[in-house]
Amino acid sequence: MQPISGINMSSALQNLSQMQSASGVSGLNGNGLGAASGAGAADASSFKNILLDSIQEVNSMQQDAAAAVEGLATGEDVNPAEVMTAVQKADIAFRMMMQIRNKLVQAYTQIENIRV
Amino acid sequence: MIMPAFDISTSGLVAQRVRMNTISSNLANISTTSNEAGEAEPYKPRYAVFQTDDGIGRNGAAGVNVSSVQTDEEVQPRWKYQPGHPDAVKEGERKGWVAYPGINMMTEFTDALEAARAYEANLGAMDITKDLQQQTLRILA
């Protein structure tokens, strides 16, 4: 089975913390995640790209899972274990993406509530 | 990311399944006295050969794949005296004897149990990996 490349959670978290510090919201400590590998450049525009990339990877994982399930249902010579793994990986990746999205929305509401 | 652990466990599941297939084949053909062409030749037991697969793992961990399914050429047939059998030896010292595959049902079943346990073990490892992944989400939640 070809391994499906996973999105890099640590780099995603790191970028999230960068975005937070860039927008002045306290919370995740950049140093706390410093050990995590990944794109460490303090570039505000790259965060969007990385987020989009990870969403795309989650999407491709879900497409892989859907293709595997379809293969299983239409009687192709696929191993059930591989199908289940593809589905599980897509599920985990999607949940992770949702957590990141929730964190983003939370950060946004915090900024929104700042009185000027 | 924890995902490679998933792929490694899956490779184990796939490999054990292939092994289980060969065991089923050996048990199904335990009384097979002729080959595909209909000639008198006892079935030879097949065994799956596993090899490590570094392409699946990461950081030194390796998955497994089935390098080949080998037939056991050394195995001695079990001889039964059945002169009326169409696959019986026609002439010579063994005249009237039929060669049956030299498969030991007991060892095949033991192998089958082992394959099933190994499959379960891979599933267990996968469960733990899944748990870890879900726990990791709590960092953000």
Using 0.5 Å steps for rounding, measure from the CG atom of B/Leu137 to the CE atom of A/Met98. 11.5 Å
Look up atom OG in B/Ser11 and atom CD in A/Glu82, then write down how far apart they are to the nearest 0.5 Å. 9.5 Å
Evaluate the criterion side chain to side chain contact (heavy atoms under 4.5 Å, CB included) for residue pair B/Leu140 and A/Asn102; output intermediate values, then yes/no. CA-CA 9 Å; B/Leu140 269 185; A/Asn102 289 346; over 6 Å; no
Atom CZ of A/Phe94 with >12 non-hydrogen neighbours under 6.0 angstrom: no
Counting neighbours of CD on B/Glu73 that are heavy atoms of other residues, nucleotides or ligands and sit closer than 6.0 Å, is the number greater than 12? yes
Measuring from atom CG of A/Asp91 to atom NZ of B/Lys130, what distance do you get when rounded to the nearest 0.5 angstrom? 9.0 Å
Comparing A/Arg95, A/Gln106, A/Met84 against chain B, the one with the most heavy-atom pairs below 4.5 Å turns out to be A/Arg95
Quick one: do B/Met126 and A/Thr85 satisfy side chain to side chain contact (heavy atoms under 4.5 Å, CB included)? Show the steps, please. CA-CA 9 Å; B/Met126 228 164 169; A/Thr85 304; 3.1 Å; yes
Run the side chain to side chain contact (heavy atoms under 4.5 Å, CB included) test on A/Lys89 and B/Asp7 for me, step by step, so that the C-alpha distance in whole Å, both residues' side-chain angles and the decisive distance to 0.1 Å come before the verdict. CA-CA 10 Å; A/Lys89 277 163 86 171; B/Asp7 289 320; 2.8 Å; yes
For residues 13-24 of chain B, which side-chain donor-acceptor pairs fall under 3.5 Å, sequence neighbours excluded?
| from | atom 1 | to | atom 2 | distance (Å) |
| --- | --- | --- | --- | --- |
| B/Gln16 | OE1 | B/Arg19 | NH1 | 3.2 |
| B/Arg17 | NE | B/Tyr119 | OH | 3.3 |
| B/Arg17 | NH2 | B/Tyr119 | OH | 3.2 |
| B/Arg19 | NH2 | B/Glu114 | OE2 | 2.9 |
| B/Thr22 | OG1 | B/Arg19 | O | 2.6 |
| B/Ser24 | OG | B/Met20 | O | 2.9 |

Within a 6.0 Å radius of atom CD on B/Gln135, are there more than 12 heavy atoms belonging to other residues, nucleotides or ligands? yes
With sequence neighbours left out, the residues meeting side-chain contact (heavy atoms from CB on, under 4.5 Å) with B/Pro45 are B/Asn26, B/Tyr47, B/Asp72, B/Val75, B/Ile103
Over 12 foreign heavy atoms within 6.0 Å of CD, B/Glu91: no
